Asker: 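To start, I am sharing the structure in question, which I have written as structure tokens.
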Amino acid sequence: MTDILSKLSGSFDKAQAAGDLLFFSSTIVKYQESTSPIEYEIRLCPALQNKPALPTPHFKGTPEQTKFDPFLPPYNPNLWIGELSDADSGEQYVVLLNKYSVVPRHFLLVTKEFRSQASPLTPPDLVQTYLLLAAGRKARQPLFAFYNCGDISGASQAHKHVQFLPLDDEDGPPVEYAARNVKLETPDRPFTLPVPYANHVFRLPDRLWSSSPDQLEPILADAFLSLLDLAISTIRHDTEYPANKPSYNVVITLGHIYVVPRRQEAHMLAETGDELSVNALAFAGMLLVKSERELEAVKKEGVGNILRGVGLESVHDLQVLGTAAEARDEE
Ligand code: AMP
């Protein structure tokens, strides 16, 4: 883990200099609405207008059926950072720099063998992800992770990949501040943030980062499963949910796991007609726009409205009532 993190910066510079990695510079605008406790960071990145079109996802195919899988060997040596292996399951992973970076040192944890991006994170996926976050904390290179699961989650590659973004400080992405401020009566139960779309959050135990992989696994797996259950329950309440497998976004920090169910991949901005593709980053509090015009259109429509449009209505109150009824039945 430490090796991987210590190589990131040098490898990023080298890959960019060699032309194997394209970096798109951007500026950040902070933006907050009264309907949300999250102070959004909207990245304005005009250079993205020239980004080469990525291959369309092929979620339904095996690797043989898909045209090209950038996450299978041979890897570009300048993007390859290292390999990891989960001691218990033997599952192997490759760490690659993101070929198209808006944030320097954006990297990916990909399964060595093809696994579907429409499949949930497994206990080994969760443990390796969290170990990388913990190593980042130790090396004073704070990070957070995200996963776009399913074909309407904003993912562009069908091969399973968890993504990591470096942060300027240990405070986490913008959503973390809002989550930390929620006072929990029952700390080991999922909760929800007061935002206009359905979201399910689990607060991880204090100082979880100092735990061993064996200790981490049941904690992360149980937390993720409880959130996944709620996301599926939220989707089941939506009688018009599209005929897709359930899609959702996941954000993982040292302190919390967030799961946001999705019903639509992109939002069409009324003002510009542009499709704004939304992935887990938006729910972490980080949006991406390609022009000042798009930025103004986003502000006019409202981030909360846009995210509600691509997400689902919260049925948290019903779910809490359901849990209370279950608890009464058990008594
Ligand atoms: P997503 O779009 O969320 O599925 O994330 C996939 C990421 O993989 C995107 O951020 C792309 O920039 C990145 N990507 C696409 N092709 C490659 C490649 N050949 N090597 C490394 N990263 C890539």
Side-chain angles (χ1 to χ4, degrees), residues 4 7-8 11-16 18-26 43 45 47-61 63 66-83 93-112 114-121 125 129 143-166 173 244-245 247-252 258-260 262 264-266 275-284 286-290 310:
I4 285 177
K7 279 170 70 181
L8 272 180
S11 300
F12 177 86
D13 294 343
K14 189 172 168 209
Q16 191 186 356
D20 289 327
L21 184 155
L22 304 180
F23 174 66
F24 305 91
S25 60
S26 57
R43 257 178 207 273
C45 186
L48 272 184
Q49 289 163 18
N50 311 319
K51 180 182 172 182
L54 287 176
T56 35
H58 300 275
F59 284 93
K60 291 179 182 75
T66 61
K67 281 194 213 111
F68 172 67
D69 181 351
F71 303 153
L72 281 180
Y75 302 111
N76 179 317
N78 282 331
L79 298 181
W80 185 92
I81 302 288
E83 300 206 352
Y93 300 87
V94 180
V95 178
L96 300 174
L97 282 167
N98 187 339
K99 186 175 170 70
Y100 308 99
S101 288
V102 174
V103 178
R105 307 183 304 286
H106 177 169
F107 67 94
L108 316 168
L109 176 71
V110 310
T111 53
K112 194 158 182 181
F114 180 86
R115 309 263 182 255
S116 169
Q117 186 73 4
S119 65
L121 294 171
D125 298 341
T129 297
L143 303 163
F144 75 100
F146 60 100
Y147 181 62
N148 302 317
C149 185
D151 48 7
I152 49 170
S153 67
S156 67
Q157 297 296 333
H159 182 142
K160 198 175 214 183
H161 55 286
V162 179
Q163 310 191 47
F164 294 79
L165 278 190
N244 299 67
K245 274 195 196 158
S247 286
Y248 53 90
N249 295 119
V250 185
V251 175
I252 306 179
Y258 307 76
V259 173
V260 178
R262 294 288 303 275
Q264 202 172 299
E265 198 271 326
E275 286 276 333
L276 192 75
S277 177
V278 174
N279 73 15
L281 284 181
F283 299 103
M286 302 161 96
L287 279 93
L288 189 61
V289 294
K290 298 195 201 80
V310 297

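All values below were derived from every heavy atom in this structure, side-chain atoms included, with hydrogens, water molecules and symmetry-related copies excluded. Whatever order the structure lists them in is the order used to number ligands and atoms, beginning at 1. Treat the numbers as computed from the prediction; the structure is a model and nothing was measured.
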Asker: Within a distance under 4.0 Å of any heavy atom of Leu79, pick out the atoms of ligand 1 and give their elements.
Answerer: 20 (N)
Asker: Which ligand 1 atoms does Gln163 reach within 4.0 Å, using its non-hydrogen atoms?
Answerer: 1 (P), 3 (O), 5 (O), 10 (O)
Asker: Is it the case that ligand 1 has an N or O less than 3.5 angstrom from some N or O of Asn98?
Answerer: yes
Asker: For residues His106 and Phe164, establish whether the separation of their ring centroids is below 6.0 Å.
Answerer: no
Asker: Going by the atom numbers of ligand 1, which of them fall below 4.0 Å from some non-hydrogen atom of Asn148?
Answerer: 3 (O)
Asker: Please classify the Gln117 to ligand 1 contact at 4.0 Å (heavy-atom distances, strictly less than): side chain, backbone, both or neither.
Answerer: neither
Asker: For ligand 1, which atoms have a heavy atom of Gln157 less than 4.0 angstrom away?
Answerer: 4 (O), 6 (C), 15 (C)
Asker: When you measure from the heavy atoms of Leu108 to every atom of ligand 1, does any distance fall below 4.0 Å?
Answerer: yes
Asker: I'd like to check Tyr93 versus Val95 (side-chain heavy atoms, cut-off strictly below 4.5 Å). Are they in contact?
Answerer: no
Asker: Is there a donor-acceptor pair under 3.5 Å between the side chain of His159 and the backbone N or O of Val110?
Answerer: no
Asker: Which option, Ala158, Gly154, Pro70, owns the non-hydrogen atom nearest atom 19 (N) of ligand 1?
Answerer: Pro70
Asker: Is there a side-chain contact between Asn279 and Ser153 in this structure, where contact means two heavy atoms from C-beta onward sitting under 4.5 Å apart?
Answerer: no
Asker: Who are the side-chain contact (heavy atoms from CB on, under 4.5 Å) partners of Ser11, not counting sequence neighbours?
Answerer: Lys7, Ile81, Leu97
Asker: Rounded to the nearest 0.5 Å, what separation is found between the SG atom of Cys45 and the CG atom of Leu288?
Answerer: 6.0 Å
Asker: Using heavy atoms and a 4.0 Å limit, tell me yes or no: is Phe71 in contact with ligand 1?
Answerer: yes
Asker: Kindly confirm or rule out an N or O of Asn279 lying under 3.5 angstrom from an N or O of ligand 1.
Answerer: no
Asker: Side chain, backbone, both or neither: which part of Leu97 has a heavy atom under 4.0 Å from ligand 1?
Answerer: backbone
Asker: Could you tell me whether Lys160 and Asp125 have a side-chain N and a carboxylate O separated by less than 4.0 Å?
Answerer: yes
Asker: Side-chain contact test, heavy atoms from C-beta onward, threshold under 4.5 Å: evaluate it for Phe146 versus Tyr258 and give yes or no.
Answerer: no
